[in-house]
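Worksheet: one structure, shown below.
Keep in mind that what you see is a predicted model, and the values were worked out from it rather than measured.
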Amino acid sequence: MGNRLSAGWKRALSYFRRNGISAAGWAVAERLLQEAAQKGYAYAPPTPEEQKRQRKEAEEWKDPPLLSVAVPAFETPPAYMNALLDSLQAQTWPHWELVIADAGSTDALRALAEGRGDQRIRYRKLSGNLGLAGNTNEALKEVRGSYTGLLDHDDLLTPDALYEMACALKESRKKGIDPVFLYSDEDKCDGEGKRFYEPHYKPDFNPDLLLSNNYICHFLMLETEAFRRLKERPGYDGAQDYDLVLRAAAGVFSGVPEAAFVHVPKVLYHWRCHESSTASNPESKRYAYEAGRRALEDFCAAQGWQARAEDTAHLGFYRLSYQPDILEVRRDVGAAAQPLPSRLGRLCSGIYEADGGMRYAGLPAGFSGYMHRAVLSQDVETADIRAMRVRPELEEELGKALEAVRRGEDPGETSRAFCESVRKKGLRICWLPDRKPL
């Protein structure tokens, strides 16, 4: 608990230095409320009975896919590696392999790996430290599975992580889709790996949210051949996974269906939080966020977009400034939506949910929302047409919808119908919260 409090004060002080006292006050208030709301969180692994069922199903699986896990290691504390190995051997999915690429100065990890007596655990000693990207690429050379997951050398998988990935892969293939990658929800654990907190519940694949932040993060599994083709690139250390995910997702902007990027809505990964980790102290790896900004700008340039990546008030979260305008730069975006005017200091986002409610409704204007999503660009199903700009070919249709609202028709239902029409044309509706309301 002491380490968490210390990390929290470090974040607050850093935020104050970057953004000023007023913004820092709002951030601290929101953080305290979020932590209070999460006090009831407790990760619960599958029950012994459920794990037994999963093992039985996996053993009876016809043509089960081999799933690989790659771990780049460097001066890894033995206790952390032992815990990592325990988490792999506890998997209810038996069809896996672990490849450890060790760039450390000793053979301590070799003894740990080979001491397990498990042929699924494979160890490779590297001749030198090639950096996070280079060490990962060396591990990638050794994998044999159809999909490869990335696991940091001090983190943990839940017992059902690979089983759930295999099930999601199977369901996608039933629909005729071979996923490009799959990703899960995650949480954090303390240095002892015994207490879990701050769950990160992620949305289904959202391209524009990904252009704001690497919300994919852990646990990520990529189709192995695509991974080998892309590789992790040097020069982006600290954000090498973000650079990789952006490039892996690039096809969605040129016809690859979003269903090829699969979200498994379960916590399958524990991100260990200790004093030197980014999870505990974002300032400890400020270079990583600068690398993330470079990776994002490089991605935009590769798409032929004139766009500049800018930092937001929150480290590791970005906004794209399109030149001259998103509707001119992005052919995949049909409508750019903005928040409706705030009411009594409360956010009125104009994003309608399927149940008729409004996303982020009532959030204090100085708050950023869960995982800062209320201040991040994102694709939405339905946004209010009264705060929307569209491509020239959609202006007449938008004008008719706005006239219907002026005649008294329900803004939510009218917006829903218009946005459905836009999406049926294969176009996105991008919500841009950093713009002033129309």
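- Residues passing the side-chain hydrogen bond (donor to acceptor under 3.5 Å, both in side chains) test with Lys175, sequence neighbours excluded: none.
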Would Cys217 and Asp241 count as a side-chain contact (heavy atoms from CB on, under 4.5 Å) if you check the C-alpha gap in whole Å, the side-chain angles of each, and the deciding distance to 0.1 Å? CA-CA 7 Å; Cys217 210; Asp241 291 350; over 6 Å; no

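- Distance check, rounded to the nearest 0.5 Å: CG of Asp187 to OH of Tyr197 gives 9.5 Å.
- Side-chain atoms of Asp118 and Gln89 include a donor-acceptor pair closer than 3.5 Å.
- His372 pairs by the ring pair (Phe, Tyr, Trp, His ring centres under 6.0 Å) definition with His314, Phe317, not counting sequence neighbours.
- Residues forming a side-chain hydrogen bond (donor to acceptor under 3.5 Å, both in side chains) with Glu353 (at least two apart in sequence, or on another chain): Arg359.
- Among residue pairs with one or both ends in residues 371-381, those qualifying as salt bridge (Lys or Arg N to Asp or Glu O under 4.0 Å) are Glu381-Arg423; sequence neighbours excluded.
- Judged by distance alone, the side chains of Ser421 and Glu397 do bring a donor and an acceptor atom under 3.5 Å apart.
- Two residues are said to be in side-chain contact when any heavy atoms from C-beta on lie closer than 4.5 Å; Cys273 and Cys189 fail this criterion.
- Comment: Lys125 engages Asp102 in a salt bridge, judged by a side-chain N to carboxylate O separation of less than 4.0 angstrom.
- Panel note: side chain Asp160, backbone Thr92; no donor-acceptor pair is recorded below 3.5 Å.
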Start with the C-alpha gap between Asp434 and Arg319, add the side-chain angles, then the distance that decides, and say whether salt bridge (Lys or Arg N to Asp or Glu O under 4.0 Å) holds. CA-CA 8 Å; Asp434 56 309; Arg319 71 171 60 87; 3.5 Å; yes

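- The shortest side-chain heavy-atom distance between Ser415 and Tyr352 falls under the 4.5 Å cut-off.
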Take Arg116 and Asp86, measure what salt bridge (Lys or Arg N to Asp or Glu O under 4.0 Å) needs, and give me the verdict at the end. CA-CA 10 Å; Arg116 295 286 173 139; Asp86 286 345; 2.7 Å; yes

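- For Leu340 against Asp384, the heavy-atom pair with the smallest separation is CD1-OD2, 3.8 Å.
- Residue pairs that meet the salt bridge (Lys or Arg N to Asp or Glu O under 4.0 Å) test with at least one member in residues 242-254, sequence neighbours left out, are Arg233-Asp243, Asp243-Arg247.
- Looking only at distances, no side-chain donor or acceptor of Glu420 sits under 3.5 Å from a matching main-chain atom of Phe418.
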Pair up each side-chain donor or acceptor in residues 67-75 with any protein partner under 3.5 Å, not counting sequence neighbours, and list the distances.
unit_1 : atom_1 : unit_2 : atom_2 : d
Ser68  : OG     : Glu97  : OE2    : 2.6
Ser68  : OG     : Gly145 : N      : 2.8
Glu75  : OE1    : Ser105 : OG     : 3.4
Glu75  : OE2    : Ser105 : N      : 3.1
Glu75  : OE2    : Ser105 : OG     : 3.0

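- In terms of heavy-atom proximity, Gly131 sits nearest to Asn129 at N-OD1, 3.1 Å.
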What do the steps show when you test Thr224 against Thr148 for side chain to side chain donor-acceptor pair (under 3.5 Å), and what is the final call? CA-CA 6 Å; Thr224 299; Thr148 299; 2.9 Å; yes

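- When the shell of 6.0 Å around CD of Glu60 is examined, it contains more than 12 heavy atoms from other residues, nucleotides or ligands.
- Asp311 and Tyr289 share no side-chain donor-acceptor pair at under 3.5 Å.
- Closest of all the heavy-atom pairs between Ile351 and Trp431 is CD1-CD2, 3.4 Å.
- In this structure the side chain of Phe181 reaches within 4.5 angstrom of the side chain of Ile216, judged on heavy atoms.
- Considering only heavy atoms from C-beta on, Leu98 stays 4.5 Å or farther from Arg120 through its side chain.
- Here the side chain of Glu138 pairs no donor or acceptor atom with the backbone of Ala101 at under 3.5 angstrom.
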Where do Val143 and Arg228 land on the side-chain contact (heavy atoms from CB on, under 4.5 Å) test, with the steps shown first? CA-CA 10 Å; Val143 302; Arg228 284 200 174 109; 3.4 Å; yes

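- Applying the salt bridge (Lys or Arg N to Asp or Glu O under 4.0 Å) rule to pairs touching residues 251-268 yields Glu164-Lys266, Glu258-Arg428, sequence neighbours excluded.
- Applying the salt bridge (Lys or Arg N to Asp or Glu O under 4.0 Å) criterion to Glu59, with sequence neighbours excluded, gives no partner residue.
- Of the inter-residue distances, the one linking Leu209 atom CG with Cys430 atom SG reads 10.0 Å to the nearest 0.5 angstrom.
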Please assess Lys202 against Glu186 for the test side-chain contact (heavy atoms from CB on, under 4.5 Å), listing each intermediate value before the final yes or no. CA-CA 9 Å; Lys202 305 170 187 177; Glu186 62 189 279; 2.7 Å; yes

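- Between Gln51 and Ala90 the shortest heavy-atom distance is OE1-O, 4.5 Å.
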Passes side-chain contact (heavy atoms from CB on, under 4.5 Å), Phe219 versus Trp271? Steps please. CA-CA 10 Å; Phe219 177 45; Trp271 187 6; over 6 Å; no

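- For Arg53 and Tyr163, the side-chain atoms include at least one donor-acceptor pair closer than 3.5 Å.
- Within the 3.5 Å criterion, the main-chain N or O of Ser87 finds a donor-acceptor partner in the side chain of Gln91.
- In this structure Glu310 satisfies the side-chain hydrogen bond (donor to acceptor under 3.5 Å, both in side chains) test together with Arg308, sequence neighbours excluded.
- Applying the salt bridge (Lys or Arg N to Asp or Glu O under 4.0 Å) criterion to Asp208, with sequence neighbours excluded, gives Arg330.
- His200 places no side-chain N or O within 3.5 Å of a backbone atom of Met371 that could act as its donor or acceptor partner.
- When side chains are defined from C-beta on, Leu112 counts as touching Asn82, because their heavy atoms get closer than 4.5 Å.
- Partners of Glu297 under the side-chain hydrogen bond (donor to acceptor under 3.5 Å, both in side chains) rule, at least two apart in sequence or in another chain, do not exist in this structure.
- Between Trp61 and Trp93, the closest side-chain pair of non-hydrogen atoms falls below 4.5 Å.
- Classified by interplanar angle (parallel below 30°, tilted 30° to 60°, perpendicular above 60°), the ring pair Tyr41/Tyr201 is perpendicular.
- In this structure, Gln338 and Arg389 have side chains that are in contact, with non-hydrogen atoms separated by less than 4.5 Å.
- Atom NZ of residue Lys170 and atom NZ of residue Lys174 lie 5.0 Å apart, to the nearest 0.5 angstrom.
- Counting heavy atoms from C-beta outward, Leu246 and Leu211 have side chains that approach closer than 4.5 Å.
- Between Tyr242 and Tyr318, the ring-plane angle classifies as parallel under the 30° and 60° cut-offs.
- A parallel orientation is assigned to the rings of His263 and Tyr183, their planes being inclined by less than 30° (bins at 30° and 60°).
- For Phe196, the ring pair (Phe, Tyr, Trp, His ring centres under 6.0 Å) criterion is met by Tyr43, His270, not counting sequence neighbours.
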For Glu290 and Arg293: C-alpha separation, side-chain torsions, deciding distance, then whether salt bridge (Lys or Arg N to Asp or Glu O under 4.0 Å) applies. CA-CA 5 Å; Glu290 294 171 354; Arg293 188 176 62 250; 5.3 Å; no

